Structures are given as structure tokens and as C-alpha cells.
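First comes the structure, then the notes that go with it.
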Number of protein chains: 2
Amino acid sequence: MTEDVFKALADPTRRRILDELVERDGQTLFEICARLITNHGLGLSRQAISQHLAVLEAADLVHSRREGRYKFHDLNTEPLECIVTRWLRPDARESNP
Amino acid sequence: MTEDVFKALADPTRRRILDELVERDGQTLFEICARLITNHGLGLSRQAISQHLAVLEAADLVHSRREGRYKFHDLNTEPLECIVTRWLRPDARESNP
DNA sequence: TTGATAGGCAAGTGAGGACTTGCCTATCGT
DNA sequence: ACGATAGGCAAGTCCTCACTTGCCTATCAA
């Protein structure tokens with residue numbers, strides 16, 4: 001489960017997708033493709049982005065809702081929190097009361 | 001630079017190494033090999049662990065200091081912080097005053 | 001109903017990365 | 001000096017994964 005989060009974040013393109021979703025939730029596949037090409041110069045096929053979104057969904061970093069022929073994608077940052085807490089030292093560091 | 005952090009965290013074995021270092025700093029290569037096999041059943045070659053440590057060092061997640069014929073490895077959790085903050089929404093969430 | 005739009009499924013290709021194996025260097029104890 | 005210990009370098013294998021290509025399904029507008 002949390003293993004998938006690390007794999008999902010390993011790819012640069014997937015991180016760019018999260019960058020786009022953090023600016024605006026509810027984007028469709030085509031919108032993400034367009035924004036990746038205009039904002040980052042990433043000229044990838046639609047199918048490539050679709051597969052990336054599937055990986056992000058499997059990692060629970062992206063939630064999707066289908067409406068008609070559109071499928072909207074929302075960012076979910078919750079799985080990111082356990083990444084840092086995993087390697088926090090038990091001994092008091094800077095921000096421990 | 002921060003790109004290397006994601007790549008470093010992508011591998012399960014490297015995450016186990018960080019798990020061992022968070023329990024005790026200053027372990028040598030052989031100590032890490034031994035602990036991986038006893039605590040996690042990971043029977044990898046010494047060279048494999050050495051290469052993993054090199055990746056972790058390149059990502060600045062591990063600092064190393066050489067003393068005589070020993071090389072001690074210390075954990076550095078600092079690069080982990082920017083991972084989560086990258087996708088934090090500007091709009092106030094739960095922990096925003 | 002027809003055409004256009006939004007998305008999905010499946011197989012194939014190519015490159016990067018994890019791991020091994022073999023050999024070499026450096027430091028310590030006796 | 002010698003053997004033992006701790007670690008490094010380099011080439012080779014194998015497999016995962018990112019990406020493409022081709023074709024198929026579903027919804028909307030005219």
C-alpha cells in the first residue's frame with residue numbers, strides 16, 4: 001500500500017502531474033496532457049499519461065470521479081504524510097515539545 | 001538534486017537501509033548487511049548494499065565518514081521535508097493557522 | 001444516426017537499474 | 001611481513017517499467 005506511493009513518486013512525469021493537480025483539481029486526461037505540454041514541454045502520448053494516472057490512483061495519490069464521458073482527477077496528499085514520519089527519530093529533534 | 005531523493009526512495013531495499021540507520025547511526029557496510037539479513041531476511045551481496053548506500057549518499061539521505069578501515073554511515077532526514085511541502089495546497093487545510 | 005470527443009485495453013519495444021561475480025586496494029592485528 | 005578484515009571498481013546479466021502503436025467502447029452534439 002504505502003509501497004506504491006514511493007513507486008508512484010519515483011517517476012518525474014508523475015510528479016509533474018501532481019504539480020498540475022495541486023494548482024487545479026478536477027482536470028481531465030486531455031487537460032493534463034495539454035498542460036504538461038504547455039507548462040513543461042512534455043510531449044507524451046495520451047496513453048502514457050493515462051497509465052501514469054493509473055499508477056497514481058493505485059497509490060491513492062489521485063482520486064477520480066466519472067461524469068458522463070469525462071473523468072475528473074483530484075489530488076490526495078494524505079499518503080505523503082507517512083513518508084516523512086517513517087524515518088523520524090524518536091529522540092527529540094528541533095520541533096519536538 | 002531533489003530528483004535523486006525520489007529515485008533513492010523508490011527501492012524497497014534502500015528504504016530498509018534507512019530503517020536500520022534510524023535505529024542506530026554510525027553503522028558500517030557489514031553491520032548493515034548483517035542487520036538486513038537478521039531483521040528482514042534480505043540475503044543480498046555486500047556489493048549490492050554498497051551500491052544502494054552510494055545512491056542514498058548521492059541523494060544526501062546518508063552521510064558517511066571514514067575512520068581507518070571503517071566507513072560509518074549516518075542518516076540525514078533533511079531532504080525528506082521538501083517532499084511533502086512540494087504538494088501542499090496554498091488554501092488553508094487542517095493545520096494552517 | 002452519424003461524426004466527433006473522451007477514454008480504455010492489449011501487445012510490443014527499448015532503456016535504465018538491481019544484482020552478481022571476479023578481482024583489486026587499504027588498514028589492522030600478530 | 002603476513003593473513004585477515006573492510007571496502008571499492010568494473011563488467012555482465014536480467015528484469016522491471018515507461019512509452020508507443022493500434023484498435024475498441026462510450027457519451028455528446030448535429
Side-chain angles (χ1 to χ4, degrees), chain A residues 2-21 24-38 40-59 61-74, chain B residues 1-21 24-38 40-74:
Chain A
T2 145
E3 301 282 306
D4 300 325
V5 180
F6 293 103
K7 275 193 178 181
L9 293 177
D11 188 81
T13 304
R14 284 196 285 269
R15 295 196 293 270
R16 301 278 174 247
I17 293 178
L18 297 182
D19 290 340
E20 296 302 321
L21 286 179
R24 181 161 56 90
D25 255 341
Q27 297 192 50
T28 80
L29 173 59
F30 276 60
E31 281 179 295
I32 296 175
C33 286
R35 290 180 60 131
L36 282 180
I37 218 177
T38 60
H40 301 282
L42 284 185
L44 292 179
S45 75
R46 171 188 57 88
Q47 191 59 20
I49 309 298
S50 177
Q51 290 168 356
H52 281 310
L53 284 172
V55 176
L56 290 171
E57 277 195 73
L61 285 166
V62 163
H63 291 168
S64 67
R65 46 194 162 93
R66 183 129 203 183
E67 293 181 14
R69 61 175 160 175
Y70 298 105
K71 189 181 180 187
F72 302 107
H73 301 270
D74 301 324
Chain B
M1 19 182 67
T2 146
E3 302 282 305
D4 300 326
V5 180
F6 292 103
K7 277 194 177 179
L9 293 177
D11 188 81
T13 304
R14 283 195 287 267
R15 296 196 292 271
R16 300 278 174 247
I17 293 178
L18 297 182
D19 289 340
E20 296 303 322
L21 285 180
R24 181 159 57 90
D25 255 341
Q27 297 191 51
T28 80
L29 172 60
F30 277 58
E31 281 180 295
I32 295 175
C33 286
R35 290 180 62 131
L36 283 180
I37 217 177
T38 59
H40 302 281
L42 284 185
L44 292 179
S45 74
R46 171 187 57 89
Q47 192 59 22
I49 309 299
S50 176
Q51 289 167 358
H52 281 309
L53 284 172
V55 175
L56 290 171
E57 278 195 73
D60 202 41
L61 284 166
V62 164
H63 291 169
S64 68
R65 48 196 160 91
R66 184 127 203 186
E67 293 182 14
R69 58 174 161 175
Y70 298 105
K71 188 182 180 185
F72 302 108
H73 302 270
D74 301 323

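Throughout, protein chains are lettered first and strands after them, A, B, ... in sequence-line order, and every chain is numbered starting at 1. From a predicted model like this one, the values you see are computed outputs, not experimental measurements. Every heavy atom of this structure was used, including side-chain atoms; hydrogens, water molecules and symmetry mates were not.
OP1 or OP2 of D:dC9 has not a single side-chain nitrogen or oxygen of B:Ser50 nearer than 4.0 Å. Distances shorter than 4.0 Å separate none of the side-chain N or O atoms of A:Arg46 from OP1 or OP2 on D:dC19.
Going from atom CG of B:Leu53 over to atom P of C:dA18 covers 13 Å, rounded to whole Å. The CD1 atom of B:Ile32 sits 12 Å away from the C1' atom of D:dG7 (whole-angstrom rounding).
Contacts with DNA chain C (heavy atom under 4.0 Å) in residues 63-71 of chain B: B:Gly68, B:Arg69, listed by number.
Comparing C:dC23, C:dT20, D:dC19 against the side chain of B:Leu44 picks out C:dT20 as the nearest. Looking at the side chain of B:His52, the nearest of the listed nucleotides C:dG7, C:dC19, D:dC19 is C:dC19. You'll find that the side chain of A:Gln51 is closest to C:dA10, out of D:dG7, D:dC17, C:dA10. With C:dA18, D:dG7, C:dA6 as the choices, the nucleotide that has an atom nearest any side-chain atom of B:Asp11 turns out to be C:dA18.
Nucleotides of DNA chain D nearest to B:Phe30 and A:Ala48 differ in position, and the one nearer the 5' end is that of B:Phe30.
With B:Arg65 contributing its side chain and B:Asp74 its backbone, the two residues share no donor-acceptor pair below 3.5 Å.
The line from NE2 of B:His73 to CD1 of B:Ile49 is 10.5 Å long, rounded to the nearest 0.5 Å. Between the OG1 atom in A:Thr13 and the NE2 atom in A:His52 there is a gap of 4.5 Å [rounded to 0.5 Å].
Side-chain atoms of B:His40 and B:Glu20 include a donor-acceptor pair closer than 3.5 Å.
For A:Gln47 and D:dC19, a side-chain-to-base donor-acceptor distance below 3.5 Å is absent, hydrogens and geometry of angles not being considered.
Taking 4.5 Å as the limit, every side-chain heavy atom of B:Leu44 sits out of range of all side-chain heavy atoms of B:Leu36.
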